[in-house]
> 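One structure is given below, represented as structure tokens, and several questions about it will come after.
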There are 2 protein chains.
Amino acid sequence: MARPSVEAERREQILSAACEVVSEIGFKSLRVADVAKRAGTSTGTVHYYFDTKTELMRAAFEWNFARSLDRRRPLLDEHPDPRERLRAFVESYLPVDDVTVRAWHVWAELWVEALHDPDLQEMNEQVYGEWRRIVAGILRDGQDSGLFREEDPVLAANALIGMIDGLALQVLLRSRSMTVDRMRAVCDRTLRNLDVATV
Amino acid sequence: MARPSVEAERREQILSAACEVVSEIGFKSLRVADVAKRAGTSTGTVHYYFDTKTELMRAAFEWNFARSLDRRRPLLDEHPDPRERLRAFVESYLPVDDVTVRAWHVWAELWVEALHDPDLQEMNEQVYGEWRRIVAGILRDGQDSGLFREEDPVLAANALIGMIDGLALQVLLRSRSMTVDRMRAVCDRTLRNLDVATV
DNA sequence: GTCCTGTCTGACCGATCAGTCAAGTTACGG
DNA sequence: CCGTAACTTGACTGATCGGTCAGACAGGAC
């Protein structure tokens, strides 16, 4: 080694820029030059770290997921009560701030890109499985404590996560009928339905 | 008029081809030449009926929606019992056959394209409002008949539709954890929860 | 027949962009 | 202070593709 490697930092910088650009203009419109500009570097450098645009995007999708998971992990240790834990977890999904909205945008782009790409489908499978495990785990905890109704936790987790995805999409589409507040109300209703004593 | 107009049929033919191609390879990869070939015509003809690719896709999205609605309308008159009506309606959303899968694919492409296009957002708003009205209407009917629990029908409709969207997406992504059968099971669970007498 | 108009064609043009490359620059070791 | 290897640059290339256009064709009116 003739120089200390800057690879880790540079990759991070480029991936972050890629996610920002994807979120702003979409994968379809994204140019390698846009990413380079946003990262404050040149297209040559982007290609130095990522051979092709496809490889860049795959890495960006993975990076987006890792970041999303990192942001939420501490949340899970904060609330001893499973009901509170689940509520906080769901709340963290609401597209309220820039960071969350951006992450959702990248997710949505991944989904549609994955419709025609088995490798990305596999990635979705891994990542989605992680969310499912977390939510199902909370539901199981709640059932063990007698707080949640007895039912198949995996089925209920799928229902909850699926709903969140669908609702978030409508919020991202700036639907007048599905604002963040309304999304929260719909989620609250569903969370209440999980409780043993439904009002 | 020197000749009978073939415009209506030709437009239909091209739009159908466009939806097929979008479903197969995605909007990002779609070339006007692909659509022309699929429609058995030339790029010149496609541009004769649609000035730009953007205009073509907008028309294709609209066409896809109109067709989806047409396919489901008769369903709503078949079942006097609101529970059956809702069940049949939900069942028709499951991505089981080619026609439904193709329609879902086009929907997904519309969503992501709309993230950065206010015109398409407006289209989503109209179309989605239609679904919401239908489902909320069924729920209201069921409540009036004392079959469904009393609750805000709009909230419940949003929860149900959002969930269906999210689940369908995972099915389309060929998730091993979310097959059509599993999606049906999750939907059944949610439908049961709407009933007055939940088991 | 011949006009007219609606329809259709595909070669072509111009713009766009991913990826290459040759020529740098930087910062360490010896 | 030179050698070396990591890193950076941006002009360039080749391929792609949306949209244009000049011309061909079809079928009704007359």
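Chain A is the first sequence line, chain B the second, and so forth, proteins listed ahead of strands; every chain is numbered from 1.
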> Between C1' on D/dA11 and NE2 on A/H47, what's the gap in Å once rounded to a whole number?
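After rounding, the reported distance stands at 15 Å.
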> B/F50 near the nucleic acid: base, sugar-phosphate alone, or nothing, with a heavy-atom cut-off under 4.0 Å?
nothing
> Nearest whole Å is fine: how far is D/dC7 P from A/Q13 CD?
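These atoms are roughly 13 Å apart.
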> What is the distance from CZ of B/R31 to P of D/dG18, rounded to the nearest Å?
6 Å
> Under the salt bridge (charged side-chain N to carboxylate O under 4.0 Å, His left out) definition, can you give me all pairs with a residue in residues 46-60 of chain B, not counting sequence neighbours?
B/R58-B/D117
> Without decimals, in angstroms, what is the distance between A/L30 CG and C/dG19 P?
11 Å
> Applying a 4.0 Å non-hydrogen cut-off, can you work out what A/L56 is touching in the nucleic acid: base, sugar-phosphate, or nothing?
nothing
> Apply side chain to side chain contact (heavy atoms under 4.5 Å, CB included) to the pair A/F65 and A/Y128, showing each step before the final yes or no.
CA-CA 10 Å; A/F65 165 62; A/Y128 220 77; over 6 Å; no
> Round to the nearest Å and state the distance from B/I14 atom CD1 to C/dT7 atom P.
11 Å
> Establish whether B/M123 and A/L172 are linked, either directly or via other cluster members, by ILVMFWY side-chain heavy-atom contacts under 4.5 Å.
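Both belong to a single hydrophobic cluster.
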> NZ of B/K53 versus P of C/dT16: gap in Å, rounded?
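Distance check: B/K53 NZ to C/dT16 P gives 15 Å.
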> From the options C/dG10, C/dT9, D/dT9, select the nucleotide whose nearest atom is closest to the side chain of A/T41.
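Closest of the options to the side chain of A/T41: D/dT9.
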> What integer distance in Å separates B/E7:CD from D/dA26:P?
21 Å
> If you check every side-chain atom of A/T43, which of C/dG6, D/dA11, D/dA6 has the closest atom?
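The answer is D/dA11, which lies nearest to the side chain.
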> Would you please test B/L86 and B/L160 for side chain to side chain contact (heavy atoms under 4.5 Å, CB included) and show each step?
CA-CA 11 Å; B/L86 186 56; B/L160 181 58; 3.9 Å; yes
> Check the distance between C/dA27's P and A/R10's CZ and give it to me in whole angstrom.
11 Å
> When you get a sec, tell me which of C/dT7, D/dG19, C/dA18 is the closest nucleotide to the side chain of A/V32?
C/dA18
> Could you tell me whether the phosphate oxygens of D/dT8, OP1 or OP2, come under 4.0 Å of any side-chain nitrogen or oxygen in A/Y48?
no
> Hey, does B/M163 have a side-chain heavy atom less than 4.5 Å from the side chain of A/N158?
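Result no, sub-4.5 Å side-chain heavy-atom pair not found.
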> Which of these nucleotides, C/dC8, C/dA11, D/dT9, is closest to any side-chain atom of A/T45?
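Shortest atom-to-atom distance from the side chain points to D/dT9.
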